[in-house]
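A quick write-up on the structure given underneath.
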Amino acid sequence: EKTGTGPAATALEESLPSIELNNFVIENGSLIFRDSRNGGVEIVDGINVKIAAATLIGPFDSSGRLIARGIPFSYDASVGKIIHGRTVPFNMSLSALDSDAQARISGTLVSLADAPKFKGKVKGNGKRLAGLIQAIADVGSLPGFLSQDFEFSGSVVASAGGAEITDLGVRLGDINASGGLKVELSKIPVVAARINVSSINMDRWLSLPPAQRKPAAKRIKPATAIKTAINKESGGVSPKASISLPKKIAKARKTAPGFKIPANIDGSLNLTVDSITARGQLVRRILANAELASGEVTLSQLSAQLPGGS
């Protein structure tokens, strides 16, 4: 039975055997990604998933758990039949298990044979933004306003070279914002954000207690996981070169320091706020433009209508 249409789909189906996978399970698996350009190694460990496929060109369904960069995730994904040999519907929900944050992605993968690209929608929410930041960035105490619940949504176009989110909507507590985000994945990633905020009550935000880090389940250290997986891959033969975390990084992870400006990413921010309440006074029409480069932030523009101004 043909599952697609057109010459490309027919050729693809004829080249593949008729195979149906029911409840294909991976237990305690590992994926190792090696960058031949810089010798870097990334690993996805603790893979426990179930996969089902009606044919080798879809539809596919999968769900399970995995650990990426020491962070445990759960997911549920479905991939439709490949259309014309180059397009496929895609839906996925993803949850970070060290926090209550979750995201849902739905859309289409296009140009599979040439330059794969995803076009679709993304939305997510959580009860505590600080918990998500602390789980991903491995930091300690954060400002209290980040302990509020949050949600976000937007339209996404993503490829191997980067991603762009338009029609971005964000809510943190009772604060709403809109804008856009663009990410370029080059040697040094570049992030450009445009955010418009209606109003902020700084008096309330500053009255909130610091967001302390909650105890999380014990994680496998990235260096240990990489060594274990490479040892498995080599059939139990120890590799000639060992991989370990530098002492400074290992110490930093152990002590879970506060926030530090990253030096390996560049970015820019265009921020506008209709009004800010601070010390009982109202500041209007705030505009700020800032740039991040080499771990340093430059504030290139800042303007506002202060209390009593016209």
Distance (rounded to the nearest 0.5 Å) between [X] [atom1] and [Y] [atom2]:
X    : Y    : atom1 : atom2 : value
R65  : I47  : CZ    : CD1   : 14.5 Å
D100 : K127 : CG    : NZ    : 6.0 Å
I200 : I286 : CD1   : CD1   : 7.5 Å
L181 : L168 : CG    : CG    : 7.0 Å
F24  : I51  : CZ    : CD1   : 6.0 Å
L31  : E42  : CG    : CD    : 12.0 Å

Check whether any side-chain heavy atom of [X] lies under 4.5 Å from a side-chain heavy atom of [Y], and answer yes or no.
X    : Y    : result
V190 : V183 : no
I175 : V197 : yes
F152 : V122 : yes
T108 : T87  : yes
N270 : Q301 : no
V88  : I83  : no
D274 : S199 : no
T277 : M202 : no

Shared hydrophobic cluster, V297 / I188 (ILVMFWY, side-chain heavy atoms < 4.5 Å) = no

inquiry  = Are F90 and V157 connected into the same hydrophobic cluster when the rule is that any two of I, L, V, M, F, W, Y join if their side-chain heavy atoms are below 4.5 Å apart?
reply    = no

message = side chain to side chain donor-acceptor pair (under 3.5 Å) for N196 and T272? Distances and angles first, verdict last.
response = CA-CA 5 Å; N196 306 305; T272 59; 2.6 Å; yes

ask   = So F33 and I43, side chain to side chain contact (heavy atoms under 4.5 Å, CB included) or not? Walk me through it.
value = CA-CA 6 Å; F33 301 93; I43 186 168; over 6 Å; no

Tell me if a side-chain donor or acceptor on [X] pairs with a main-chain N or O of [Y] at a distance below 3.5 Å.
X    : Y    : answer
Q134 : G140 : yes
S99  : A101 : yes
N48  : G46  : yes
S95  : L97  : no
D203 : G280 : yes

key: Test log, rule side chain to side chain contact (heavy atoms under 4.5 Å, CB included), inputs L132 and F150   = CA-CA 11 Å; L132 177 61; F150 68 96; 4.0 Å; yes

Looking only at non-hydrogen atoms, find the nearest pair between [X] and [Y] and report the distance.
X    : Y    : answer
A211 : P143 : CB-O, 4.0 Å
G173 : Q148 : CA-OE1, 3.6 Å
P189 : I265 : O-CG1, 3.4 Å

task = Decide whether S300 and E291 meet the rule of one side-chain donor and one side-chain acceptor closer than 3.5 Å.
result = yes

ask   = Would S155 and K121 count as a side chain to side chain donor-acceptor pair (under 3.5 Å) if you check the C-alpha gap in whole Å, the side-chain angles of each, and the deciding distance to 0.1 Å?
value = CA-CA 5 Å; S155 300; K121 303 285 187 179; 2.8 Å; yes

query = After noting the C-alpha distance and the side-chain angles of E151 and L129, does the key distance pass the side chain to side chain contact (heavy atoms under 4.5 Å, CB included) rule?
reply = CA-CA 9 Å; E151 60 183 20; L129 180 57; over 6 Å; no

message = Apply side chain to side chain contact (heavy atoms under 4.5 Å, CB included) to residues V49 and Y75 and explain how you reach the verdict.
response = CA-CA 9 Å; V49 303; Y75 78 93; 3.3 Å; yes

inquiry  = I'd like to know whether CD of E27 has more than 12 heavy-atom contacts from other residues, nucleotides or ligands below 6.0 angstrom.
reply    = no

ask   = So does K50 pair up with D61, basic N to acidic O under 4.0 Å?
value = no

Acceptor/donor pairs from residues 109-118 side chains to any protein atom, 3.5 angstrom cut, sequence neighbours excluded:
none

